[in-house]
Amino acid sequence: MTLVGLDLDYVACVVLFCVGLYMLVAKSNLIKKVIGLNVMETAVFAFIVTSGMIEGGQEPIVVAGSAPPYTSPIPHAMVLTGIVVAVSVTAVALALIAQIHAHYGTIEVDELKELP
Amino acid sequence: MRVFALALVLVVAATMVIGIAGLPPHGDPDGPVHTHVGARYLEQGVAETGLRNLVTAVLLVYRGFDTFLEVVVIFTALVAVLALPSATRQPPQSRDESAAASRRDTDDAVPVSPVVFLVVRLLAPFIAVFALASLYRGHVTPGGGFQSAAIIGAMMIALGLVFGREHAARLVPHGAKAWLQALGPLVFAVVALVGWRLTGAFLGFPADEAAHALREALVVILEVAIAVGGAVILAQLFMALDAPS
Amino acid sequence: MTTLGPTLLPWLVALPLAGAALVPIVARRDARWAGGFTLVVALVTTSLASVLVAQLASQGPFSADLGGWAAPYGIELHFDRFAAWTMPLAALFAFVIPFSWRYLDAPLPRERWAPFYALMLLNLGGLLGFSVTGDLFNLFVTMEVVSLSSYALVAVAGRGVAAWAALKYLLLGAVSSLLVLFAVGLLFALTGSLNLADVSVRLAAAEPSGAALLALASLAVAFLVKAALFPLHVWLPDAHAIAPSPVSAVLSGLVVKVGIVGLLRVLQLAAGTGISLEPLNTVLMVLGATAIVMGAFLAIFQDDIKLMLAYSTISNIGYIVLGIGLASPFALIGAFVHVFNHGLIKVTLFLAAGAIIHQTGYRTLSDLRGVARRMPQTAAAMAIGAVSIVGLPPTAGFVCKWYIALGAFEADQGGYGFALVFGALFIFVYYVRMLDAFFFRSPVRPEVADAVEAPWSMRAPVLVLAAACLVLGVLGGIPIGFVEPAVVDLLAALGR
């Protein structure tokens, strides 16, 4: 679907990306920042998967009863890898936040900045 | 901060929209995504790899090295979390009252509602069967090693939440833990070595019809290693993060 | 024999990664085995790298098609002269790891030694993969292996402050990684390919579009964050100063070079596509020159020696980026030679600083006065490192900075040449401050007055590396001759 020459599906990904970016920058809570990062990641995954779509396409699994056109399998493989990477980064981020909480008793950036 | 964030978001959004306007429309069968590398995978993928699920074919056969690095990334996350000081075992340094209070809260486990207890117990075997089905049927339906790992990992985490992590930790045999968590990268390295001996190419899969069974076996070994190694890592990540001593 | 290079190339990446997976298994019986095993893996990897470099020298660049699928259908690893010149960086691991053995005694309990060494090997494998890969998506994944292990390494030995520094590093690093992934998605949607060379060719054949420009810009910004170019450097000083010294050495000497190698890949990608690189080069020159001066200026005010070295890294990244932005043969050669030479010098300096901190327990210049009296060898190594990084002859730093300065005049950008000299002056000031405190002041702390030299497992790597700084200064022509053909090719592809 397009509007004034813009692909609306892609625009939706941009909007989602920016929602995440806003959370990452504006929120003071570290967990919310990490969630913002995850929203941004989801936006990029959605963008990549969208780029592999095809009109009237099916999932690229060639079995009895399926027929071309198939969506491109490469974006799916890329996003699967991307998701695993995102999970890993999130896990390390949460472990670090747990450290910060154990040490300072807060996960608010505003309060962390006031500490010596 | 909010004004700055809004300004940044607007600039980024404008830049991205201008850039995206230059992309070919998606879904067009004649677009570059569907006419170049992807087209070859779709046309010859089944014949070349023997796999009907072409996403799996790309993951394990055409771009297996990416997947090797992918299991390495999640292994990295685990050793990263294990390398950090345990958050809950640290002596409280700040004498802030609220901080101490919040630490007490996390130490006292919230009692689990009997409903949750029962539901998790009832569902666990079915979740496990679902994970196995996703692994077993992964070549003809959406699914595969990573999906299966996520499902088993989630089941272990749910059990850990309900029964306490000591009980859930017993799901992973202690002596084998170091091997199981490294299963993904190690099995990939071994399969790469086998492929190298057989075909001369790193992570190569024998292509001739005669070696069909061997090729299938290698794929199954990789999928199982991804599923088991991934699940063990996910469960361990959760237990390392939530480790009341 | 002709296939030796392509056959061994994948193992250069796979070996340290598989080795990392084995570290916790090896260390099950005795945690001390982790360090020894890691050194063995690092040494084998280094020998493998030298075989590959020898192959390159005798028969030119080569590629390996992973899985036997020819590019662009499979992943291609490509070993060119740029990749080869990053191989000695891997050798530096073989010095950092024995240094870590004794250094870790104090800050790290034994049960966390195995994860620490595993992270080091993962970092090494990721760096090697990043240097040799010829595939865009693979570039992203290898970069993530490097980044993720780096975030954790910052926080291994510290408590809250270290975790906070690591998290700041992680948040910025994750956004820059995401920009890379986004750019990969854009380029894939534009060309249908992930192979770097193939994408470049197909971009050149297609109509110029805003999407290609956005992709290249995202990649450039992302890699400049990874390289910590001023003003995108905010994550660096804390992370590099708070990390344990062997980690600081790896992060400051090696990991920031991910951004530089990435930037070179962007140039290779853009070559021949008709996209003008003039705006990018202007930005690189201005920011590079600013980074040189600001990094050096901020370093002057640091009392903490590790923080000082961290700011010095920002300044030196400025030199490399300026050289790339100038895009003249001399400047590019100087910049690229500095990728390794800076790594060597910075690892020397951080390890020497680590030895001093380990032996005395102090880390500020005012506390460490007179340390050279009791630790003359380490202090001498530190002095050699300092002279190298200022860029005085006959040391490893001189050749690079000289070439970059020559490049500035060659490109008719004499003004930047002066910025460079000006920056060197600042750098000179702060290292003179350090040497003055170490050599010509009397100790104020009893621990410094009674300090002894570090154990040999720590001292030997420092001394060998310091000697290497001198040797590379005297034999500076060898690396220049080595990277020159690659620079000529790149400039030809860029149409200069």
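In what follows, chains are A, B, ... by sequence order, proteins preceding strands, each numbered from 1.
- For C:Phe140, no part lies near chain B; criterion is any non-hydrogen pair under 4.5 Å.
- Chosen from C:Ala189, C:Ala162, C:Ala118, C:Gly68, the residue pairing most often with chain B at heavy-atom distances under 4.5 Å is C:Ala189.
- Heavy-atom distances place the side chain of C:Asp198, and not its backbone, under 4.5 Å from chain B.
- Contact of C:Thr191 with chain B is made through the backbone alone, with heavy-atom distances under 4.5 Å.
- Of the two parts of B:Glu70, only the backbone, made up of N, CA, C and O, holds a non-hydrogen atom closer than 4.5 Å to a non-hydrogen atom of chain C.
- Looking at C:Leu9, there are no atoms closer than 4.5 Å to chain B (heavy atoms on both sides), in backbone or side chain.
- Of the listed residues C:Leu122, C:Leu77, C:Thr142, C:Asp65, the one with more heavy-atom pairs under 4.5 angstrom with chain B than any other is C:Leu122.
- In this structure, chain B has no heavy atom under 4.5 Å from any part of C:Leu15.
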Side chain to side chain contact (heavy atoms under 4.5 Å, CB included) between B:Phe75 and C:Leu17, intermediate numbers included: CA-CA 10 Å; B:Phe75 175 76; C:Leu17 297 178; over 6 Å; no
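- Shown here for C:Leu190 and B:Pro24, the closest heavy-atom pair between the two residues is CD2-CD, 3.9 Å.
- For the ring pair (Phe, Tyr, Trp, His ring centres under 6.0 Å) test with C:Trp69, the passing option among B:Tyr62, B:Phe65, B:Tyr41 is B:Tyr62; the others fail.
- Highest contact tally toward chain B, considering only C:Ala18, C:Gly126, C:Ala27, C:Ala155, is held by C:Ala155 [criterion: heavy-atom pairs under 4.5 Å].
- Counting heavy-atom pairs closer than 4.5 Å to chain B, the top-ranked of the candidates C:Ala212, C:Pro109, C:Gly125, C:Ala14 is C:Ala14.
- Side-chain contact check for B:Leu186 versus C:Ile25: some heavy-atom pair is nearer than 4.5 Å.
- Nearest heavy-atom pair across C:Arg112 and B:Ala83 is NE-O, 2.6 Å.
- One finds the NE2 atom of B:His36 at 9.0 Å from the CG atom of C:Leu194 (value rounded to the nearest 0.5 Å).
- Contacts of C:Val23 with chain B are absent, with no heavy-atom separation under 4.5 Å from either backbone or side chain.
- Interface remark: of the candidates B:Glu48, B:Arg40, B:Met16, B:Arg40 forms the most heavy-atom pairs closer than 4.5 Å to chain C.
- The distance from the CZ atom of B:Arg63 to the CZ atom of C:Phe137 is 7.0 Å, given to the nearest 0.5 Å.
- Comparing C:Leu153, C:Val156, C:Leu108, C:Asn195 by heavy-atom pairs within less than 4.5 Å of chain B, the highest count is held by C:Val156.
- C:Thr133 contributes atom OG1, which lies 7.5 Å from atom CG of B:Asp66 (distance to the nearest 0.5 angstrom).
- Comparing B:Val58, B:Val72, B:Ile18 by how many heavy-atom pairs each has under 4.5 Å with chain C, the most go to B:Val72.
- Ranked by heavy-atom pairs under 4.5 Å with chain B, the list C:Ala152, C:Gly74, C:Ala20, C:Gly67 is led by C:Gly67.
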Derivation of the side chain to side chain contact (heavy atoms under 4.5 Å, CB included) call for B:Leu69 and C:Asn138: CA-CA 8 Å; B:Leu69 285 162; C:Asn138 202 238; 3.4 Å; yes
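- Residue contact with chain B, scored on non-hydrogen atoms closer than 4.5 Å, is absent for C:Asn123.
- Using a 4.5 Å cut-off between heavy atoms, B:Thr76 contacts chain C through both its backbone and its side chain.
- In this structure, chain C has no heavy atom under 4.5 Å from any part of B:Leu78.
- Of the listed residues (B:Ile20, B:Val33, B:Leu203), the greatest number of heavy-atom pairs within a distance under 4.5 Å of chain C belongs to B:Val33.
- Looking at B:Val61, both its backbone and its side chain come within 4.5 Å of chain C, counting heavy atoms on both sides.
- Annotation: maximal heavy-atom pairing with chain C below 4.5 Å, among B:Val81, B:Leu82, B:Thr15, occurs at B:Leu82.
- Proximity to chain B (any heavy atom under 4.5 Å) is shown, for C:Leu213, by neither the backbone nor the side chain.
- Among B:Gly64, B:Pro185, B:Gly200, B:Gly204, the residue making the largest number of heavy-atom pairs under 4.5 Å with chain C is B:Gly204.
- Note that CG of C:Leu66 and CZ of B:Phe68 are 10.5 Å apart. Values are rounded to the nearest 0.5 Å.
- Both the backbone and the side chain of B:Ala77 come within contact range of chain C, with heavy atoms under 4.5 Å apart.
- The two residues B:Leu23 and C:Ala211 come nearest to each other via the heavy atoms CD2-CB, 3.7 Å.
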